[in-house]
Structure formats: structure tokens, C-alpha cells
Amino acid sequence: MKKGTMWAALLLAGATLAGCGAGGNTTGGTSGAAANTAQNAATGGGAQQETILVGADTTFPPFESMQNGQVQGFDIELVQDIAKVENLKIEQIKTMPFEGLIPALQSDQVDVAVAGFTIKKSRMEKVNFSNAYYKSGLSILVKKGSDIKGLDDLKSKIVATKKGTSSVDLLKKSGVTNIKQFDNIDQAYSALESGGADAVVFDNPVNINFKNQHGDVEIVGGLLTGEYYGIAVTKDKPDLLQKINDGLQKLQQDGTYEKLFDKYLGGDKAGLVEGVKTPDEVALNS
């Protein structure tokens with residue numbers, strides 16, 4: 001081949017290669033995106049896993065308690081199950097007194113808090129609540145043989161309960177003046193057992209849990225209130241609240257939620273919530 005012809009051929013080949021190269025880059029980019037899409041699909045759609053901090057009061061069995069150095073209970077497993085189905089990562093469960101949980105949410109020390117929180121309008125001004133997941137009420141626990149038979153009998157008695165709870169609100173509204181408030185409910189039960197209190201007024205499932213472990217006490221007077229528990233969420237993260245509600249609904253639908261009643265409440269499903277009950281529907285006025 002002549003030099004001129006060879007040179008022209010080389011130029012033509014180079015132009016062709018350059019054209020293929022340009023097309024190759026476009027195709028390569030598309031193939032790379034497809035590969036990334038496939039990889040993302042294999043890892044949950046490429047969604048960023050949100051990390052959250054959970055606050056808990058561990059003096060509220062069977063909903064929260066500390067066993068062998070581990071936080072466990074109905075509420076703990078519920079929030080863990082919600083995290084799984086909503087692609088949330090619980091970085092840490094911070095334990096603290098009940099009264100510190102709402103301030104911790106307001107100051108961004110935690111994102112979510114569980115503690116058998118009764119949904120109340122006064123609390124809704126400070127934090128958001130999930131849809132209700134448990135229907136509860138307050139009851140009176142006394143020593144067997146006590147002359148206390150109902151709420152009216154408490155006005156002249158020493159009544160123990162836990163600080164900052166709806167029990168305190170009820171007792172004050174009912175005219176009970178001698179109220180011993182403790183940091184945790186175990187101290188209130190100890191006061192009852194030792195004679196330092198005549199009764200304990202607290203959430204019925206927790207009173208039942210104590211009664212089942214102690215043969216010298218009984219519950220009198222029936223349920224004093226009807227109230228619902230919700231998961232507390234910082235007001236700074238409305239999207240997180242939506243995920244909590246979505247996750248709760250999924251657990252209700254797939255049976256995971258109901259199994260918690262078997263595991264932690266001995267199969268007692270009196271507090272089971274069917275369907276969606278929003279905070280606005282169930283909040284106490286206190």
C-alpha cells in the first residue's frame with residue numbers, strides 16, 4: 001500500500017474507533033447504571049438506612065425491663081421489629097428515668113422513646129406519638145384483706161405510684177392527697193409490701209405482672225380509666241413518625257404484633273389494638 005493510501009486508511013480507522021469509543025462510553029455508562037441498579041435492588045433498593053437512637057425506661061415490666069444486662073420487653077421488641085421492616089438501624093437504646101424521656105426527645109438526645117407512654121394531649125404538645133398499639137387502664141393494687149375496695153376509699157390512704165405518670169393525674173383529680181411518688185414502680189411496690197403505702201395505683205398490665213409474682217396482693221375496683229399507649233417520636237422528624245406508623249401497621253397485618261401478647265403478656269389480648277387508632281382519636285385530655 002502506498003504511504004498516502006496507508007495514511008488515509010489509518011485516519012479512517014482512527015475516526016471509526018473514536019466514534020465507537022464515544023458510543024462505547026455512552027453504552028458503558030448505561031451498562032454501569034444498570035449494574036448499579038441491579039446491585040441496589042439486591043441491597044434493598046439502594047435506600048439509605050436511617051440510624052435512630054431509642055430511649056427507654058426499664059422499670060415498666062413486662063413492657064420494658066433490664067434482664068442480665070439487656071433491655072427487653074414488649075415495647076423493646078416492638079420497636080426493634082418496626083425497625084427491621086422499615087429499614088431503620090437502632091444505633092443504641094439509651095436507658096433513663098421516665099421523666100427524662102420527653103426532655104431527651106425535645107433536645108435530640110433520642111429520636112424515639114418507649115415506656116408504656118399513655119397518649120395525652122399535654123404530651124402531644126411536646127412530642128409526636130405513633131398510632132396506638134396497646135389499650136390499657138389504671139388499677140388499684142392492695143394487700144389481700146385490705147379494706148380498700150375502690151377509688152373513693154383511697155382519699156384517706158397513703159397511695160404509691162410512679163412520678164410523672166397518668167396515675168398521679170387521676171389521684172389528684174380524685175381528691176387523694178397523700179401520694180408517694182417514686183422514680184420507678186418497683187419502689188412503689190416495695191412501699192406496699194413493707195407497709196409504707198396502703199395501695200399502688202398504676203397501669204393495669206404492670207399491676208397484673210406484679211400480682212402474678214406475689215401471692216399476697218390483689219387488684220380491686222376494676223379498671224379506673226381507659227387509655228392507649230403510643231411510641232413517642234421527636235417532632236423534628238415527621239418522616240420517622242410515618243415510618244413508625246407504617247411499620248406498626250405491617251406488624252399488625254402479618255401477625256408479628258399479636259405474637260408479642262403471647263410472649264410478654266401470657267396471651268392476654270385485652271389490650272390488643274385492631275386497625276389504626278390515631279393519637280387524636282384516643283388522647284386523654286390531661
Side-chain donor-acceptor pairs of residues 264-276 under 3.5 Å, sequence neighbours excluded:
{"unit_1": "Tyr264", "atom_1": "OH", "unit_2": "Glu77", "atom_2": "OE1", "d": "2.7"}
{"unit_1": "Asp268", "atom_1": "OD1", "unit_2": "Ala270", "atom_2": "N", "d": "2.9"}
{"unit_1": "Lys269", "atom_1": "NZ", "unit_2": "Asp262", "atom_2": "OD1", "d": "2.6"}

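Between the side chain of Lys89 and the backbone N or O of Ala83 there is no donor-acceptor pair closer than 3.5 Å. Under a 3.5 Å cut-off, the side chain of Thr161 and the backbone N or O of Val201 do form a donor-acceptor pair. Between the side chain of Lys121 and the main chain of Asp280, no donor-acceptor pair closer than 3.5 Å is present. Judged purely by atom type and a 3.5 angstrom limit, Thr59 has no side-chain atom pairing as donor or acceptor with the backbone of Asn184. Although no hydrogens or angles enter the test, the distance criterion places no donor-acceptor pair under 3.5 Å between the side chain of Asn209 and the main chain of Pro205. Side-chain atoms of Thr234 come within 3.5 Å of backbone N or O of Asp236 as a donor-acceptor pair.
Of the charged side-chain nitrogens involved, none lies within less than 4.0 Å of a carboxylate oxygen, so that Glu218 and Lys143 do not count as a salt-bridged pair. Salt-bridge check for Glu86 with Lys250: passed, with a basic side-chain N closer than 4.0 Å to an acidic carboxylate O. Ion pairing between Asp57 and Lys162 holds under the 4.0 Å rule for side-chain N and carboxylate O.
Residue Leu154 is tested with Asp198, Thr177, Val159 for a side-chain contact (heavy atoms from CB on, under 4.5 Å); the sole match is Val159. The residue from Ser166, Ser286, Ser136 that alone fulfils the side chain to side chain donor-acceptor pair (under 3.5 Å) condition with Glu227 is Ser166. Tyr229 pairs with exactly one of Phe74, Phe63, Phe129 by the side-chain contact (heavy atoms from CB on, under 4.5 Å) rule, that one being Phe63. Residue Asp111 is tested with Lys237, Lys243, Lys235 for a salt bridge (charged side-chain N to carboxylate O under 4.0 Å, His left out); the sole match is Lys237. When each of Ile179, Asp147, Ile140, Val142 is tested with Lys157 by the rule side-chain contact (heavy atoms from CB on, under 4.5 Å), just one qualifies, namely Asp147.
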> Is there a side-chain hydrogen bond (donor to acceptor under 3.5 Å, both in side chains) between Tyr133 and Asp75 once you walk through the steps?
Replying inline: CA-CA 9 Å; Tyr133 67 86; Asp75 285 354; 2.8 Å; yes
> Can you check side-chain contact (heavy atoms from CB on, under 4.5 Å) on Gln80 and Ile93, steps first, answer last?
Replying inline: CA-CA 10 Å; Gln80 289 172 335; Ile93 297 177; 4.1 Å; yes
> Would Thr278 and Asn131 count as a side-chain hydrogen bond (donor to acceptor under 3.5 Å, both in side chains) if you check the C-alpha gap in whole Å, the side-chain angles of each, and the deciding distance to 0.1 Å?
Replying inline: CA-CA 5 Å; Thr278 68; Asn131 295 327; 5.3 Å; no
>> With side-chain contact (heavy atoms from CB on, under 4.5 Å) as the criterion, how do Lys120 and Asp169 come out once you've worked through the C-alpha distance, each side chain's angles and the decisive distance to 0.1 Å?
In response: CA-CA 11 Å; Lys120 297 165 56 174; Asp169 299 333; 2.5 Å; yes
>> Using side-chain hydrogen bond (donor to acceptor under 3.5 Å, both in side chains), reason through Gln242 and Asp246 one step at a time and then give a plain yes or no.
In response: CA-CA 6 Å; Gln242 186 61 54; Asp246 289 346; 2.8 Å; yes
> Does the pair Glu193 and Phe210 meet the rule for a side-chain contact (heavy atoms from CB on, under 4.5 Å), with working shown?
Replying inline: CA-CA 11 Å; Glu193 291 281 48; Phe210 186 84; 3.8 Å; yes
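In this structure, the side chains of Met66 and Thr95 come closer than 4.5 Å at one or more pairs of heavy atoms. Contact of the Leu78 side chain with the Ile231 side chain is registered, since non-hydrogen atoms from C-beta on lie closer than 4.5 Å. Counting heavy atoms from C-beta on, the side chains of Ile119 and Met124 come closer than 4.5 Å. Between Lys144 and Val217 there is no side-chain heavy-atom pair separated by less than 4.5 Å. A heavy-atom distance below 4.5 Å is found between the side chains of Val168 and Gln181. Lys180 places a side-chain heavy atom less than 4.5 Å from the side chain of Phe182. Under the 4.5 Å side-chain criterion, counting only non-hydrogen atoms from C-beta, Gln109 is not in contact with Leu53. Between Phe202 and Leu138, every side-chain heavy-atom pair lies at or beyond the 4.5 Å cut-off.
Of all heavy-atom pairs spanning Gly226 and Leu284, the tightest one is O-CD2, 3.6 Å. Between Val85 and Gly247, the shortest heavy-atom distance links the atoms CG2-CA, 3.8 Å. For Ile158 against Gly196, the heavy-atom pair with the smallest separation is CG2-O, 3.6 Å. Scanning all heavy atoms of the two residues, the minimum distance from Ile76 to Ala56 falls at CD1-CB, 4.0 Å. The minimum heavy-atom distance linking Ala232 with Val127 is given by the pair CB-CG2, 4.2 Å. Of all heavy-atom pairs spanning Ser130 and Pro279, the tightest one is O-CG, 3.3 Å.
Within 6.0 Å of the NZ atom in Lys126, the count of heavy atoms belonging to other residues, nucleotides or ligands does not exceed 12. More than 12 non-hydrogen atoms from other residues, nucleotides or ligands lie less than 6.0 angstrom from CD of Gln253.
Taking the six-membered ring for Trp, Phe117 and Phe98 have ring centres closer than 6.0 Å.
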